[in-house]
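These figures come from a predicted structure and were not determined experimentally. Note on naming: letters A, B, ... go to the chains in the order of the sequence lines (proteins, then strands), and numbering restarts at 1 for each one.
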Amino acid sequence: MWLAIIGLMMGVSLGLLTNFHIPGQYSIYLAVAVLAGLNTLFGGARAYLQKKFNGIAFAGGFFSNLILAVGLAFLGVQLGVDLYLAAVFALGVRLFHHLAEIRSQLLAGWTSRKTKEN
Amino acid sequence: MFSSKKILFGILACVLGFLLTLSFQTADHPKQKDTRNVWQLREALSKQKMKTKKLNDERHRVEQLLAEYQDNPNQGKEETMKKALHELKKQAGLTKLSGQGIIIHVEPLISGSLIGQKYHPVTARLLQTLVNELNSFGAGQIAIAGQRIIAASPIRDVNGEVYVNDHRIPEVPFTIKVLSDHANELHNEMMVSDSRREFAEAKLNLTSEAVRQLTLPAYNQPIFVQYMEPVKENS
């Protein structure tokens, strides 16, 4: 948990310090990439809580999601259709799904601890 | 120390943080290309140099004042303060000013009796354009038909009449007096100015003459300052 937060802060400071700018027309790719990253992070946390975490699947999932989402966005730009919306929709739905699972896992852990104490 | 799972999480969080920062930076400040050419850059540089010079002059003046305050601890203090007050009043336009400058005559372009029209109206917009242009030509102090223009002077149309400093400007002809250290240059620039053309479109003629000595009246009304208040010493 702490390592993830430290990593996030490192990433933010790296972004601020490098003062790297991406041209406005690529902001869609960036947004989709952020969504893919968030999705992977939430998926990883869920798998970790369910004790099904697999490092290779985690990293592989991130890259495959990223490639597919950015690829869809690219294809959409070439065809003139907002195909990136498909990626946004799919990743967004999965994000909420992961969150619901994490919440239920945490709640289950908390209630089982409570019953043990009593 | 850390398991590989945690390290993986950390790396991904780092990547995510980086991407997030990038997207915020892209959304907040779209990077604009500097498309100025060499001449525009030179112009900008010379403008900044002028600004620096102005600020340095101002600093020098204030430092001199400070030195005067410090050199004369008691008896000279009042004198220095009076001098500073007078200087400030002069800057604000509350004193009469004399010096070289130009006199601009605003007259009808065509005699009224020829076209059967007696009245040639001057509009506030015309006068505002003229004042702006005079300022851009480096004019010092300006008085329109005996009304001294200061930083807070309004020029506006009220029921078809032009009011400067809440005083009605008389019908043409009237004169505009402008103080300037470079009277001849200002006169030449006025002769080819846009204002002259705009006045001509309103059937008014602008003629200017450079004079060695002219006197501007003082601004004689209270100045209403709406958005400033004195700083309390302890605040």
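- Environment of CE in A:Met9: sparse, with no more than 12 heavy atoms of neighbouring residues, nucleotides or ligands closer than 6.0 Å.
- The only member of B:Val15, B:Leu16, B:Ile11 that meets side-chain contact (heavy atoms from CB on, under 4.5 Å) when paired with A:Phe62 is B:Val15.
- For the set A:Thr18, A:Thr40, A:Leu16, A:Asn54, the entry with the most heavy-atom pairs within less than 4.5 Å of chain B is A:Leu16.
- Heavy atoms closer than 4.5 Å to chain B are found in both the backbone and the side chain of A:Leu8.
- By the neighbour-count criterion of 12 heavy atoms within 6.0 Å, atom CG of B:Leu88 is densely surrounded, having more than that number from other residues, nucleotides or ligands.
- Put simply, CZ on A:Phe58 and CG on B:Leu12 are 4.5 Å apart, with the number rounded to the nearest 0.5 Å.
- Heavy-atom contacts from other residues, nucleotides or ligands closer than 6.0 Å to CD of B:Glu229 number 12 or fewer.
- The side-chain heavy atoms of B:Gln25 and A:Ile22, taken from C-beta on, include no pair separated by under 4.5 Å.
- Separation of atoms OG1 (B:Thr21) and CG (A:Leu17) is listed at 10.0 Å; rounding is to 0.5 Å.
- Taking OH of A:Tyr48 as the start and NZ of B:Lys6 as the end, the distance is 5.0 Å to the nearest 0.5 Å.
- A:Ala4 and B:Ala13 make their closest contact through O-CB, 3.1 Å (heavy atoms, listed as atom of the first residue, atom of the second, distance).
- Residue contact with chain B, scored on non-hydrogen atoms closer than 4.5 Å, involves the backbone and the side chain of A:Ala33 alike.
- When each of A:Leu35, A:Leu38, A:Val34 is checked for a side-chain contact (heavy atoms from CB on, under 4.5 Å) with B:Leu19, only A:Val34 meets the rule.
- Residue A:Tyr26 qualifies as open at atom OH: its count of foreign heavy atoms under 6.0 Å is 12 or below.
- Counting heavy atoms of neighbouring residues, nucleotides and ligands inside a 6.0 Å radius, atom CZ of B:Arg61 exceeds 12 of them.
- The side-chain heavy atoms of A:Leu3 and B:Phe9, taken from C-beta on, include no pair separated by under 4.5 Å.
- Neither the backbone nor the side chain of A:Ser13 comes within contact range of chain B, judged by heavy atoms closer than 4.5 Å.
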